[in-house]
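Here is the structure we will look at.
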Amino acid sequence: MSHKESFEVTPWQVSGQVDYDKLIKQFGTQHLTEQLRERLMKDAGERNYILERGIYYSHRDLDILLDEFEKGEGFFLYTGRGPSGPMHIGHIVQFYFTSWLQKKFNANVYIQVTDDERFLQEKGLSLEDTARYSYENILDIIAAGFDSDKTFIFQNTEFMGRMYKLTLRIAQRVNFSVVRAVFGFTSETNIGFVFYPAVQIAPSMFEKKRCLIPSAIDQDPFWRIQRDIAESLGYKKTAAIHSKFLPALTGPAGKMSASLPETAIYLTDDAKTVRNKIWKNAFSGGRASIEEHRKYGGDPDIDVSYQWLYMFFEPDSAKINQIRNEYKEGKMLSGELKQILIDKVNSFLEQHRERKERAKDTIDLFKRNGKLASRMWEEEL
Ligand code: TYM
């Protein structure tokens, strides 16, 4: 394999041009087939463009989860966020999709905010920093439309006391050799990380029902371990549905990175910043000159503006097809494509931020006082 073709995906690092089919083999997951996607939408009672377009492309036991659902057994949802800074567009896709699943399946949702993980990972972050980002990120998550009675959002440093026993039961069953092999830990890895996998696994056992975890594929290594031990603890193996990454603005290699501002658009970027970033950095599939572009057309499959519209920002399938065709035929120029994306991102962010502002009034319901949250703070896990 040449250096250019090599890639790496772990929960803490994504580099190179990701070969998604190869990852399915590496991780031992299954393709999310069209048939299974159709079945999920049928059971949901609504179509969903993110599913239709194959952004979620891999799964574990989604078919079994739907068998159970069709027999009348419920399931619950679990997802999370590591608060190391402002969230970007790629992160928020997971939460909009999870909130759609919650609405359609009337399911409880648990959202873990891993301030512990990020504190351990990034030497420059203090616990005060991660607390501040947790608050900001939780408002963004609420803005994705969760039900305050059926959603519990928690920071690990705050909730650990209540989930410690469950976490210990998990930790007792996972050997160092397993986490070393799965996550590539070395003798330089700090000891917090050795225990941390038990912490991220724990919420998948907050209920005895089967859990469904939506996330990008990078988080799957945790679920692999969960599935090896869940039944021995009296819980079900978790199901998971994995997405591809929204590519970095700067090009299809790697993913948006919170530490490289030019690669990502943050939910906090104002309209001017969005315009400048897309205008300057969005990797283009266009030709070198307008004449050539008109003659030969652009390549939407490598064009990041097109990819972002396809993956999230243009829900209307007739419109996205039209954009694709016009760009490919050279009728639409790269600048015009970028402008479409700029307008879409800015109108999305404007609405998102209005919802985020309103989330300040309901954050207590999600963290402490709503129906599910108050139960979680009372009950033994
Ligand atoms: P974090 O904060 O790195 O990422 C939050 C969620 O966003 C997904 N993601 C992306 N999705 C699409 N495009 C991208 N470019 C992109 N980058 C990241 C991640 O897969 C994740 O779903 N350890 C976790 C926090 C966590 C968690 C969980 C995540 C705890 N429990 C359960 C998912 C499910 C983390 O730091 O995520």
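Computed from a predicted structure; not experimentally measured. Order of listing sets the numbers, starting from 1, for every ligand and every atom in it.
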Thr167 side, atom OG1; Ile201 side, atom CD1 - distance, nearest 0.5 Å: 9.5 Å
Best match, Gly90, Ser84, Pro214: closest heavy atom to atom 10 (C) of ligand 1: Gly90
Pick from Gly80, Gly85, Ser204, Pro203: the one approaching atom 29 (C) of ligand 1 most closely through a non-hydrogen atom: Gly80
Give a yes or no on whether the backbone of [Y] and the side-chain of [X] come within a donor-acceptor separation of less than 3.5 Å.
| X | Y | answer |
| --- | --- | --- |
| Asn190 | Leu120 | yes |
| Thr238 | Cys211 | yes |
| Asp115 | Thr157 | yes |
| His293 | Met332 | yes |
| Gln102 | Asp147 | yes |

Any N/O pair Ala216/ligand 1 closer than 3.5 Å: yes
Min N/O separation Gln200 to ligand 1 under 3.5 Å: yes
Do me a favour and list the nearest non-hydrogen protein atom to [atom] with residue, atom name and distance?
| atom | value |
| --- | --- |
| atom 24 (C) of ligand 1 | Gln219 OE1, 3.3 Å |
| atom 1 (P) of ligand 1 | Arg118 NH2, 3.6 Å |
| atom 35 (C) of ligand 1 | Gly82 N, 3.5 Å |
| atom 25 (C) of ligand 1 | Arg81 N, 3.5 Å |
| atom 18 (C) of ligand 1 | His91 CD2, 3.5 Å |
| atom 31 (N) of ligand 1 | Tyr78 OH, 2.7 Å |

For [X], counting its heavy atoms only, list the atoms of ligand 1 lying under 4.0 Å from any of them.
| X | value |
| --- | --- |
| Asp218 | 19 (C), 20 (O) |
| Ile213 | 34 (C) |
| Leu246 | 12 (C), 13 (N), 14 (C), 15 (N) |
| Gln112 | 30 (C), 31 (N) |

Lys371 atom NZ, over 12 foreign heavy atoms within 6.0 Å: no
Take every heavy atom of [X], measure it against each atom of ligand 1, and state whether any distance is under 4.0 Å.
| X | answer |
| --- | --- |
| Met87 | no |
| Val93 | no |
| Trp223 | yes |

Donor-acceptor pair between Gln200 and Thr114 side chains, under 3.5 angstrom: no
By side chain to side chain donor-acceptor pair (under 3.5 Å) - contacts of Ser374 (at least two apart): none
Side chain, backbone, both or neither: the part of [X] lying under 4.0 Å from ligand 1 by heavy atom:
| X | answer |
| --- | --- |
| Gln94 | side chain |
| Phe95 | neither |
| Ile217 | neither |

Hydrophobic cluster of Leu127, others only, ordered by chain and residue number, side-chain cut-off 4.5 Å: Phe119
side-chain contact (heavy atoms from CB on, under 4.5 Å) partner of Ser305, chosen from Lys338, Glu336, Gln339, Lys344: Lys338
Cationic tip of Lys209 above Phe75 ring, under 6.0 Å, 45° of axis: no
